[in-house]
2 protein chains.
Amino acid sequence: MPKPSARTGRVTIVDVAQHAEVSTTAVSKVVRNAYGASPEMQAKVRKAIAELGYRPHAAARGLRGQTYSIGVMLPNIRNPFFADIIDGATEVLEDAGYQVLMGPGCNGEAEEARVTETMIDHSMDGVILIAPVSSRQHLEHVARSVPTVIVGRHGRSSSYDSVADDDLSGAALVVNHLADLGHRRIAHIEHLETDPDHIVEMPNAVRADGYRQAMRARRLDEHIDVASTTYTQEGGYLGAQQLLARLHQPTAIFAGADIVAMGALEAIAEAGLTVPGDIAVAGYDNTMFAGFAPVSLTTVDQRGRQMGSTAARLVLDRIAQPRRPASHMKLAPTLIARRTTAVLPH
Amino acid sequence: MPKPSARTGRVTIVDVAQHAEVSTTAVSKVVRNAYGASPEMQAKVRKAIAELGYRPHAAARGLRGQTYSIGVMLPNIRNPFFADIIDGATEVLEDAGYQVLMGPGCNGEAEEARVTETMIDHSMDGVILIAPVSSRQHLEHVARSVPTVIVGRHGRSSSYDSVADDDLSGAALVVNHLADLGHRRIAHIEHLETDPDHIVEMPNAVRADGYRQAMRARRLDEHIDVASTTYTQEGGYLGAQQLLARLHQPTAIFAGADIVAMGALEAIAEAGLTVPGDIAVAGYDNTMFAGFAPVSLTTVDQRGRQMGSTAARLVLDRIAQPRRPASHMKLAPTLIARRTTAVLPH
DNA sequence: GTGAAAGCGCTAACAT
DNA sequence: ATGTTAGCGCTTTCAC
């Protein structure tokens with residue numbers, strides 16, 4: 001007959017200890033698989049835990065030791081690419097016995113700061129920050145309080161680990177694909193970046209750079225043509241409008257993200273042009289909707305799942321060895337060719 | 001010169017108290033805006049807090065009082081409709097001084113249980129569960145431990161509040177829209193449901209029911225035609241294949257969710273039919289991609305933002321008054337007519 | 001290998 | 001209005 005502590009109704013370590021007729025220390029050790037508990041002890045305690053339905057209270061744990069939970073921050077719930085990262089990370093973390101909690105989508109440094117602080121306040125054992133826009137300074141501040149992994153950003157720091165897509169190669173994949181199809185006037189829609197840190201570190205900036213490099217490598221220097229807007233549907237719409245108004249209209253548009261490509265397709269349709277007959281379009285991210293039949297968008301796959309699982313392993317690693325040197329992973333993307341860049345049967 | 005407590009490096013309430021030369025109780029009261037602190041006291045304490053950069057430790061708070069944080073569980077990060085709910089909820093909660101943490105997307109009762117337990121273990125002051133599939137029993141168990149609001153499910157319970165879309169009307173909006181366009185053979189793709197609780201409570205079941213009722217109301221009883229699959233892209237694909245193989249092919253398909261409609265469009269394209277010329281298609285949820293130019297899917301908008309903000313207000317309400325009677329809100333959906341059901345210029 | 005006791009940061013109950 | 005104290009549930013010394 002379970003007799004949980006009166007106040008909250010929650011079964012505590014004390015209840016388990018009494019039920020199993022051992023000390024609370026013993027219970028704590030068994031729960032944590034710590035050294036110093038004989039097999040009989042383990043059996044007794046586990047039996048009591050099962051009978052009472054005991055669960056460790058994460059908040060209480062956080063006051064002394066670990067909470068066995070990891071916080072994941074993501075910039076935008078709407079981008080399904082991030083969901084892949086989450087899936088990959090969650091799988092590894094839960095298998096390792098960690099709980100996962102996510103911050104609500106946030107855009108802007110202020111919101112990111114709030115979310116990271118929330119995670120620290122909840123005594124998370126580690127945090128995974130996906131595509132953060134905060135300053136390096138803030139990221140390093142976070143990394144000083146808690147093991148931190150940054151996903152999808154190129155800056156390297158000795159205080160945190162990172163996992164990023166090789167956006168430079170990814171952009172080249174697109175340019176080469178389009179050039180191989182015979183396109184020469186290949187334009188790009190980029191997310192305008194002014195912050196000097198971001199120009200070096202953010203994926204969008206690296207993609208734009210990769211576009212330029214690849215164009216030059218294909219001797220298409222003179223056809224380099226970039227519209228600077230934002231990585232949003234509207235940004236794609238406006239960017240494509242700009243490009244279509246050029247004296248020499250491009251025959252292909254490389255949008256820096258799938259969502260940008262969706263806006264571009266809208267502008268192209270409004271202009272009465274067909275895809276890929278009049279103009280080819282490619283995106284980046286291989287988001288879910290890129291594969292939908294009416295969309296069928298050529299894009300670049302970043303292996304989000306793998307990015308997530310890698311990030312999870314890195315954060316667990318660093319929890320185990322807080323002072324090991326930082327490691328920075330770069331994952332190779334692949335091209336997914338679909339109808340928006342197909343050679344049309346004429 | 002701040003002198004944070006040695007061990008963790010974190011500024012604690014004790015540091016603030018010493019710096020301001022008051023008791024820790026005083027600091028606690030000021031932080032919580034509790035009764036019993038003179039204006040001068042408040043000023044002194046706030047000054048010290050600002051100077052030291054103090055932040056309350058949520059985990060420690062959880063051991064005694066409130067953590068000022070709310071957990072939000074959502075079934076699937078990929079469905080952008082849920083993002084609207086989150087936005088609505090987060091805005092209200094953060095304005096009220098609450099932190100928001102979300103569980104990672106989960107499908108299935110086991111994962112939902114894990115997420116809800118995690119939230120309880122972290123001493124969340126309340127939880128918002130979006131479209132849970134767990135048994136009533138589990139939901140009531142959760143509601144017994146923590147103030148709970150269920151979003152997007154029709155069952156009413158005295159132990160938790162709820163906010164739901166009026167799926168019955170939503171389905172009728174679609175059927176009437178299609179019937180008004182002249183369609184008679186309007187078929188439906190539903191998510192097969194066998195659990196008796198779910199048949200009454202889940203939105204998909206209510207939509208299927210609404211479809212049948214609306215068809216009867218329009219005297220189209222004999223044209224009622226349902227394919228039972230799942231609410232996934234693949235389910236839509238298979239469902240549409242079934243429907244297209246009928247002796248009397250439908251002229252319109254009402255898919256129970258936008259993602260289902262995407263699968264249906266794929267099957268229709270493969271069959272060499274055009275939309276809306278040969279067959280009209282409508283979805284439900286007004287997800288982001290429904291509005292994309294190449295998709296342009298007619299659908300039903302559930303006012304996700306409003307659902308979220310309502311849920312947030314309900315949970316705050318219940319935290320303030322734990323024993324007030326449960327309230328159950330139902331929000332009216334609206335039809336968004338787009339190209340997939342348009343009357344074609346012939 | 002085992003347990004007693006201190007204490008993490010905070011709040012509630014109880015003085016004053 | 002203010003301060004003192006006990007204790008939330010757990011982990012971590014440090015005895016034995």
Side-chain angles (χ1 to χ4, degrees), chain A residues 3-45 49 52-69 99 120-123 125 145, chain B residues 3-45 48-49 52-69 117 120-125 145:
Chain A
K3 194 194 61 180
S5 68
R7 221 181 60 95
T8 57
R10 201 182 164 100
V11 177
T12 75
I13 206 171
V14 176
D15 301 318
V16 177
Q18 284 174 354
H19 192 81
E21 298 179 298
V22 298
S23 70
T24 58
T25 310
V27 179
S28 175
K29 280 178 175 167
V30 172
V31 168
R32 288 175 295 124
N33 290 312
Y35 176 80
S38 64
E40 310 91 70
M41 172 111 278
Q42 301 227 8
K44 264 198 297 188
V45 171
I49 287 177
L52 300 186
Y54 167 75
R55 293 180 52 86
H57 189 137
R61 283 180 141 182
L63 246 52
R64 293 303 306 244
Q66 303 186 200
T67 53
Y68 297 94
S69 31
Q99 302 179 335
I120 294 170
D121 295 346
H122 278 267
S123 287
D125 295 341
S145 324
Chain B
K3 192 194 65 181
S5 70
R7 220 181 61 93
T8 57
R10 203 183 163 97
V11 177
T12 75
I13 204 171
V14 176
D15 301 319
V16 177
Q18 285 175 354
H19 191 82
E21 299 179 296
V22 299
S23 71
T24 58
T25 309
V27 178
S28 176
K29 279 179 175 165
V30 171
V31 168
R32 288 175 295 123
N33 289 313
Y35 175 80
S38 65
E40 311 90 69
M41 173 109 277
Q42 303 227 8
K44 263 199 296 187
V45 171
I49 288 177
L52 300 185
Y54 167 75
R55 293 181 51 87
H57 189 137
R61 284 179 141 182
L63 247 50
R64 294 301 308 237
Q66 303 187 200
T67 54
Y68 299 93
S69 33
E117 296 297 351
I120 294 171
D121 296 346
H122 278 267
S123 287
M124 301 282 181
D125 294 341
S145 325

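Proteins get letters first, then strands, A, B, ... in listed order; numbering begins at 1 in each.
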Between [options], which nucleotide gets closest to the side-chain atoms of [X]?
X: B:Arg61; options: D:dG9, D:dT2, C:dC10; value: C:dC10
X: A:Thr24; options: D:dG3, D:dC10, D:dT11; value: D:dT11
X: B:Met41; options: D:dT11, D:dT2, C:dG9; value: D:dT2
X: B:Ala60; options: C:dG3, C:dG9, D:dG3; value: C:dG9
X: B:Ile13; options: D:dT11, C:dC10, C:dT2; value: C:dC10

Tell me the interatomic distance from [X], atom [atom1], to [N], atom [atom2], rounded to whole angstroms.
X: A:Tyr35; N: D:dT12; atom1: OH; atom2: C1'; value: 17 Å
X: A:Arg10; N: D:dC8; atom1: CZ; atom2: C1'; value: 12 Å
X: B:Gln42; N: D:dT2; atom1: CD; atom2: C1'; value: 13 Å
X: A:Gln66; N: C:dC8; atom1: CD; atom2: C1'; value: 15 Å
X: B:Asp125; N: C:dT11; atom1: CG; atom2: C1'; value: 13 Å
X: B:His57; N: C:dT11; atom1: NE2; atom2: P; value: 11 Å
X: A:Leu63; N: D:dT11; atom1: CG; atom2: C1'; value: 10 Å
X: B:Arg55; N: C:dC10; atom1: CZ; atom2: P; value: 11 Å

Non-hydrogen atoms of [X] and [Y] that approach each other most closely:
X: B:Val11; Y: B:Tyr54; answer: O-CD1, 3.4 Å
X: A:Met41; Y: A:Val30; answer: CG-CG2, 4.4 Å
X: A:Leu63; Y: B:Leu63; answer: CD2-CD2, 3.4 Å
X: B:Ser123; Y: B:Gly62; answer: OG-O, 3.5 Å

Taking only side-chain N and O atoms of [X], does any of them lie within less than 4.0 angstrom of OP1 or OP2 on [N]?
X: A:Thr12; N: D:dG9; result: no
X: A:Ser38; N: C:dT2; result: yes
X: A:Ser23; N: C:dA4; result: no

Legend entry - Presence of donor-acceptor pair under 3.5 Å, side chain of A:Arg64 and base of C:dG7: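 It does, because a donor-acceptor pair links the side chain of A:Arg64 to the base of C:dG7 below 3.5 Å.
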
Test item: [X] and [Y] side chains (from C-beta on) under 4.5 Å apart, heavy atoms:
X: A:Thr24; Y: A:Thr12; answer: no
X: A:Arg32; Y: A:Lys29; answer: yes
X: B:Asp121; Y: A:Thr67; answer: no

Legend entry - Sugar-phosphate only, base, or nothing, as touched by A:Ala37 at under 4.0 Å among non-hydrogen atoms: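 Sugar-phosphate contact only.
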
Inset, instruction - Pick base, sugar-phosphate or nothing for B:Arg32, based on heavy-atom distances below 4.0 Å to the nucleic acid. - result: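 Sugar-phosphate contact only.
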
Legend entry - Exam field: side chain A:Arg55 to backbone A:Arg10, donor-acceptor pair closer than 3.5 Å: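 No, because the side chain of A:Arg55 does not come within donor-acceptor range (under 3.5 Å) of the backbone of A:Arg10.
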
Atom pairs under 3.5 Å: protein N/O with N/O of nucleotides 13-16 of chain D:
none

Inset, instruction - Could you say whether A:Glu21 or B:Tyr68 is positioned toward the 5' end of DNA chain C, judged by the nucleotide with the nearest heavy atom to each? - result: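 Its nucleotide being nearer the 5' end, the pick is A:Glu21.
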
